[in-house]
Amino acid sequence: QVQLVESGGGLVQPGESLTLSCIISGNIGSIVAMGWYRQAPGKERELVARLTRGGNTDYAESVKGRFTISRNNAWNMIYLQMNRLKPEDTAVYYCNTRSVLVYDSWGQGTQVTVSS
């Protein structure tokens, strides 16, 4: 019923930018938080950015100052603006929502590759 779909990934060179989008559909209930996670090959999935219902944001230290998480007013779109991308940012990026009705919902991921 609940579905999250990411888009916007691709291949970019170091220093370039990408914007990821995530559309939320279905009866997800009251959203507590929205976020972006990423997973590189052989690595654990890690939190990249998080936006709470109260408006607080949290970022991984490795992306702080370069990435910005945001949403639309209807709370059915999540964005991740990624600037000054580095090869270390290469990963599959997943959007996530946490809600009262459905604790965690995940998208299928979008590949971001940063390479020369």
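Everything quoted here is computed from the prediction, not taken from an experiment.
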Colleague: Give me the atom names and distance for the closest heavy-atom approach of Gln111 to Ala91.
Modeller: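 Smallest heavy-atom distance, with atoms named: NE2-O, 3.4 Å.
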Colleague: For the OG atom of Ser21 and the CD1 atom of Ile78, what is their distance to the nearest 0.5 Å?
Modeller: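 That separation rounds to 10.0 Å.
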Colleague: Just how far is it from atom CZ of Arg45 to atom CZ of Arg38, taken to the nearest 0.5 Å?
Modeller: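 One gets 13.0 Å once the value is rounded to the nearest 0.5 Å.
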Colleague: When you measure from the side chain of Arg84 to the backbone N and O of Arg66, does any donor-acceptor pair fall under 3.5 Å?
Modeller: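 It does not hold such a pair.
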Colleague: Are the side chains of Ile24 and Met34 in touch, meaning some heavy atoms are under 4.5 Å apart?
Modeller: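 SC-SC contact between Ile24 and Met34 confirmed.
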Colleague: Are Arg98 and Tyr103 linked by a side-chain donor-acceptor pair shorter than 3.5 Å?
Modeller: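 Note: Arg98 and Tyr103 side chains meet the donor-acceptor criterion.
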Colleague: What donor-acceptor contacts under 3.5 angstrom involve side-chain atoms of residues 25-33, with partners at least two apart or in another chain?
Modeller:
none

Colleague: Among the clusters formed by ILVMFWY side chains lying less than 4.5 Å apart, do Trp36 and Ile23 turn up in the same one?
Modeller: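 Unlinked, Trp36 and Ile23 end up in two clusters.
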Colleague: Let's go through Leu101 and Val2 carefully: what are the C-alpha distance in whole Å and the side-chain angles of both, what is the deciding distance for side chain to side chain contact (heavy atoms under 4.5 Å, CB included) to 0.1 Å, and is it a yes or a no?
Modeller: CA-CA 10 Å; Leu101 186 62; Val2 177; over 6 Å; no
Colleague: For Val12 and Ser17, which heavy atoms make the closest approach, and how far apart are they?
Modeller: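 Taking every non-hydrogen atom into account, CG1-O, 4.3 Å.
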Colleague: Please name the pair of heavy atoms, one in Leu85 and one in Met82, separated by the smallest distance, quoted to 0.1 Å.
Modeller: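 Shortest heavy-atom contact: CD2-CB, 3.8 Å.
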Colleague: Do Asp89 and Val48 have side chains that approach each other closer than 4.5 Å (heavy atoms only, starting at C-beta)?
Modeller: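 No; the side chains remain at least 4.5 Å from each other.
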Colleague: Quick one: do Val102 and Leu4 end up in the same hydrophobic cluster if we chain Ile, Leu, Val, Met, Phe, Trp and Tyr together by side-chain heavy atoms under 4.5 Å apart?
Modeller: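 Yes; Leu4 is reachable from Val102 via cluster members.
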Colleague: Has Glu16 got more than 12 heavy atoms of other residues, nucleotides or ligands less than 6.0 Å from its CD?
Modeller: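 Enclosed: over 12 neighbouring heavy atoms sit under 6.0 Å from CD of Glu16.
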Colleague: Can you list the residues that meet the side chain to side chain contact (heavy atoms under 4.5 Å, CB included) rule with Thr68, with sequence neighbours excluded?
Modeller: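 Partners of Thr68 by the side chain to side chain contact (heavy atoms under 4.5 Å, CB included) criterion, ordered by chain and then number, come out as Tyr59, Gln81.
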Colleague: Counting only N and O atoms by type, is there a donor-acceptor contact under 3.5 Å from the side chain of Glu6 to the main-chain atoms of Cys95?
Modeller: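 Side chain of Glu6 to backbone of Cys95, a donor-acceptor pair under 3.5 Å: yes, one is there.
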Colleague: Only one of Asp58, Leu51, Val63 clears side-chain contact (heavy atoms from CB on, under 4.5 Å) with Ile69; which?
Modeller: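 By the side-chain contact (heavy atoms from CB on, under 4.5 Å) criterion, Ile69 pairs with just one of Asp58, Leu51, Val63: Leu51.
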Colleague: Taking transitive links into account, so neighbours of neighbours count too, which hydrophobic residues share a cluster with Tyr37 at under 4.5 Å side-chain distance?
Modeller: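 Besides Tyr37, the hydrophobic cluster comprises Leu47, Val92, Tyr94, Trp106, listed by chain and residue number.
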Colleague: Taking C-beta and beyond as the side chain, do Leu18 and Phe67 meet within less than 4.5 Å on heavy atoms?
Modeller: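 Counting from C-beta outward, Leu18 and Phe67 never come under 4.5 Å.
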